[in-house]
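We count residues from 1, following the sequence as given.
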Amino acid sequence: ACSERNEQMARFLEWALEYYQVDALMYPPMNQPPPPLGTSSPGFATYSFLSAMSGMPAIVFQTGFTSDGLPLGMTLLSHSWSEARLIRYAYAYQSRFNYRRPPPSAPPLQ
């Protein structure tokens, strides 16, 4: 039953990409900011199940920071065998906006 559900999810996502004539779906990787280390948060969920259940490729990339300084990201999911396209899109976005900041604890790169 699980593999049948996974195949249905993949067929639906492939259909949606074709029907709406888009190269990828973009969505947030989580439904809220992550809880502090060592704690849990009720209702905390990730949306990685779309890729995990369908077997379709997805990539998460940084899109900025919260007002508290936490990194924000987005997920791109696309057709089967489209990993190269997703990497190009994520690279183009990050190259254009350059949000990455090394953590304060990381030494400078040499």
Looking at [X] and [Y], what are the two nearest heavy atoms and their distance?
X	Y	result
E14	S80	OE2-N, 3.0 Å
R85	D23	NH1-O, 3.5 Å
L17	L77	CD2-O, 4.4 Å
A90	L76	N-CD1, 4.5 Å
Q94	Q62	NE2-N, 3.3 Å

| message | Please check this pair: side chain of S78 against backbone of L86, looking for a donor-acceptor N/O pair closer than 3.5 Å. | response | no

Any donor and acceptor pair, going by atom type alone, linking the side chain of S82 with main-chain N or O of H79 inside 3.5 Å?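 Looks like yes, one N/O pair under 3.5 Å.
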
Going from [atom1] on [X] to [atom2] on [Y], what distance comes out if it is rounded to the nearest 0.5 angstrom?
X	Y	atom1	atom2	result
R88	E83	CZ	CD	11.5 Å
M53	S48	CE	OG	11.5 Å
F49	M9	CZ	CE	5.5 Å
Q8	R11	CD	CZ	5.5 Å

Membership question, hydrophobic clusters at under 4.5 Å side-chain separation (ILVMFWY): are [Y] and [X] in the same one?
X	Y	value
Y93	I87	yes
L25	Y89	no
M30	L70	no
F12	V22	yes

task = Quick one: sort the F97 and Y99 rings into parallel, tilted or perpendicular, breaks at 30° and 60°.
result =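 Plane angle under 30°, so parallel.
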
### Message
Counting neighbours of CH2 on W81 that are heavy atoms of other residues, nucleotides or ligands and sit closer than 6.0 Å, is the number greater than 12?
### Response
no

- Message: For Y91, I'd like to know if atom OH has over 12 heavy atoms of other residues, nucleotides or ligands within 6.0 Å.
- Response: no

Checking T75 against I59 for the side-chain contact (heavy atoms from CB on, under 4.5 Å) test, could you report, in this order, the C-alpha distance in whole Å, the side-chain angles of both residues, the deciding distance, and whether it holds? CA-CA 6 Å; T75 303; I59 189 168; over 6 Å; no

Please step through side-chain contact (heavy atoms from CB on, under 4.5 Å) for the pair M74 and Y27, ending with a clear verdict. CA-CA 6 Å; M74 280 294 181; Y27 52 91; 5.6 Å; no

